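A short worksheet on the structure shown next.
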Amino acid sequence: MGLRNGASVMAGFGLLIAPVQVAAQVTVSGSVLVSQVEHRVSAGRGVEQTSGTIFGGAGTMRLASRFEITVQGQSGTLNADSAFADDREEAEGEVRVAVLAVPWLALEGGLSARSFATTLARQRWTALHLGAEARLAFVGGAFEGRIRGELLPSVSVTGLQAPNRAVAAAAGFEWRSGALTAGLQYALERYDFPLVETVKRHEQLSLLTVSLGLRLGSRD
Amino acid sequence: MRRVLVAFVLLAAVAAPLSAQSNTAEMLQRARLLYEDLEVERALVILRQIVSPASPFEVSREQRVEAYKYLGAALALQQGQAKRDSAVLYFRAAIERDPFTDLDPRSFSPAQLEAFSEARGRTFAVALRPVPADTFDPRTEQITFRGLSSHLASLRMEVRLGGAARRILHEGDNEGLRETSWDGLLDDGTLAPEGRYELAVIGRSRLIALTDTASLYFEVSHDHAPLEDTLAALGPQDLLPEQHPASAAAADLLKGIGVAATALLIQTTLTSGDLGRGGGSLSGAVAGAGVVAGVAAFFVRQQHRDIPANIAENARRRAEHDWSNAAIRQRNDDILRETKLIVTPAAGARQ
């Protein structure tokens with residue numbers, strides 16, 4: 001599935017959410033993100049592992065208690081943890097749109113772009129995300145547990161065939177107190193590429209993200 | 001046999017004049033005409049027949065009073081103290097039966113008026129005119145009641161409800177007719193509620209040692225635009241729960257543990273075996289935080305079950321409900337302030 005097909009799916013998703021009436025209720029939040037990243041690749045030479053801390057930020061605008069747009073970006077250096085790995089600079093960005101079908105379930109779609117740059121080359125990734133996130137409020141809404149599952153039906157990677165299986169999942173918490181928000185999330189992305197000349201490539205990105213932010217506007 | 005013959009003759013003698021006078025009204029009319037033609041003796045015969053207990057016709061109270069009045073007037077025209085005394089007696093009989101009885105000075109002679117006045121002085125009675133049917137606005141109008149004492153007396157007129165005096169209309173000396181007005185209010189200034197009222201007059205003669213009372217009844221009803229119903233009290237279905245159920249603490253614990261378990265599940269099942277899994281410490285951090293959050297939530301929920309947002313919302317709904325009812329009551333009060341009283345005569349009188 002190519003990026004063009006992915007764009008069509010996104011357009012359909014947009015039509016799905018179009019009837020949502022946007023009211024004057026607007027909430028804007030911004031967060032600082034710090035992520036511990038572990039990147040693993042298997043491409044016939046054993047497992048190449050890099051890890052490191054990346055930094056960034058995210059902004060979310062919530063309309064009418066049902067419609068959310070999130071933009072986030074992070075970058076940092078991943079250091080080689082194995083013999084065949086190289087240090088690399090990672091930069092990634094994502095735009096995510098969510099519609100809360102019910103207060104505890106958001107249907108999500110998004111586009112992400114990521115690059116890994118070593119001294120020899122730069123690899124660019126783009127992916128379409130479609131999924132759902134359960135939001136489990138507890139302690140009277142001060143805490144919210146979040147569990148997300150996504151399919152990535154359209155992934156393109158420079159120099160590689162598109163993976164024939166790409167999934168992502170996450171679990172974490174968000175805490176709110178007045179305008180202050182904080183979060184902790186574990187996320188995993190897994191990509192299984194098709195067999196090419198007896199080599200089957202696998203890539204996996206694990207992230208533990210800590211966020212700290214402010215939330216402004218009407219409260220839901 | 002002789003007795004039967006006498007009775008027959010007497011009946012025949014009486015039947016002759018009665019045949020031309022079919023009822024009391026006609027007899028009374030004929031007596032008045034005779035009186036006006038100064039055929040006093042003939043008028044007296046007819047008038048005595050009317051007031052006689054042996055009258056073959058039914059005689060109403062008014063007709064009897066009229067007959068006594070003309071008997072008194074006819075006898076007052078005749079010479080002699082005995083006639084005058086009889087005139088006074090007949091006038092008294094008329095006044096006792098209807099204290100409102102009076103002689104028109106334009107139609108009766110001074111001698112008649114003097115005899116009538118003496119009769120009044122020697123007779124004591126109080127009376128009330130029937131209450132007229134009326135609708136009036138208590139803010140601007142009044143209803144008039146008419147009472148009377150036959151001569152100078154200490155008189156008290158009052159409106160009673162449930163046997164108790166609720167509004168005194170007149171209290172003081174009175175002689176003759178007394179008109180008094182009622183504004184529809186009770187002594188405490190409130191509007192007379194709907195019900196059956198008694199208008200009573202109590203008189204104590206200043207001339208002779210006699211007391212008399214009279215009363216009659218009337219109904220009071222209210223006339224106003226329809227009133228609005230106030231809102232029913234808020235029930236459980238109208239309010240939000242103000243406390244979390246006891247099971248909420250356990251549910252929060254499960255949520256925390258659920259997120260923790262999911263983090264571990266992602267790490268153990270979604271990661272690739274070809275890549276050696278990995279990320280265990282990252283997912284473990286979230287799993288640990290989930291357990292801590294769940295346990296903390298469990299204890300917090302057990303100790304703080306109130307839901308402040310719902311409590312505030314319920315307070316707002318109660319205030320809105322109370323405000324709406326206050327507005328309805330205000331509108332109803334405005335309507336009630338424009339209430340008109342409908343007064344209708346009711347059965348039952350004591351004269």
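Owing to the predicted nature of the structure, the values given are computational and were not obtained by experimental measurement.
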A:Arg135 side, atom CZ; B:Lys255 side, atom NZ - distance, nearest 0.5 Å: 14.5 Å

Closest approach of A:Ala137 to B:Asp252 (non-hydrogen atoms, all atoms of both residues): O-OD1, 4.4 Å

Closest approach of B:Val286 to A:Leu184 (non-hydrogen atoms, all atoms of both residues): CG2-CG, 4.1 Å

Proximity breakdown for A:Ala134 and chain B, heavy-atom pairs closer than 4.5 Å: neither

Atom CZ of B:Arg337 with >12 non-hydrogen neighbours under 6.0 angstrom: yes

Interface residue of largest heavy-atom contact number with chain B, from A:Ser51, A:Ala187, A:Gly172, under 4.5 Å: A:Gly172

Contact class of A:Glu48 relative to chain B, heavy atoms under 4.5 angstrom: neither

Chain A contact via B:Ile307 - which portion, at a heavy-atom distance below 4.5 Å: neither

Chain B contact via A:Gln185 - which portion, at a heavy-atom distance below 4.5 Å: backbone

Neighbour count >12 (heavy atoms, 6.0 Å) for atom NE2, B:His224: yes

Minimum heavy-atom distance B:Leu282-A:Glu38, with the two atoms named: CD1-CB, 4.4 Å

Interatomic spacing from CG in B:Leu275 to CG in A:Asp192 - rounded to 0.5 Å: 8.0 Å

Contact winner vs chain A - B:Gly294, B:Ala248, B:Gly290, B:Ala285, heavy-atom pairs under 4.5 Å: B:Gly290

For the student: nearest non-hydrogen atoms of B:Arg301 and A:Phe138, plus distance: NH2-C, 4.4 Å

CZ/B:Arg331: more than 12 non-hydrogen atoms of other groups inside 6.0 Å: yes

Spacing of B:Thr262 atom OG1 and A:Ile147 atom CD1 [to the nearest 0.5 Å]: 3.5 Å

More than 12 heavy atoms of other groups within 6.0 Å of B:Lys340 NZ: no

More than 12 heavy atoms from other groups under 6.0 Å of CD on B:Gln237: yes

Interatomic spacing from CZ in A:Arg40 to CG in B:Asp274 - rounded to 0.5 Å: 12.0 Å

Atom pair CG/OG of A:Leu188 and B:Ser283 - distance to nearest 0.5 Å: 9.0 Å

Approximate separation, where rounding is to 0.5 Å, of B:Ser272 OG and A:His202 NE2: 5.0 Å

Heavy-atom pair with the smallest gap, counting every atom of B:Ala289 and A:Phe173: C-CE1, 3.9 Å

Non-hydrogen atoms of A:Ala169 and B:Ile266 that approach each other most closely: CB-CD1, 3.7 Å

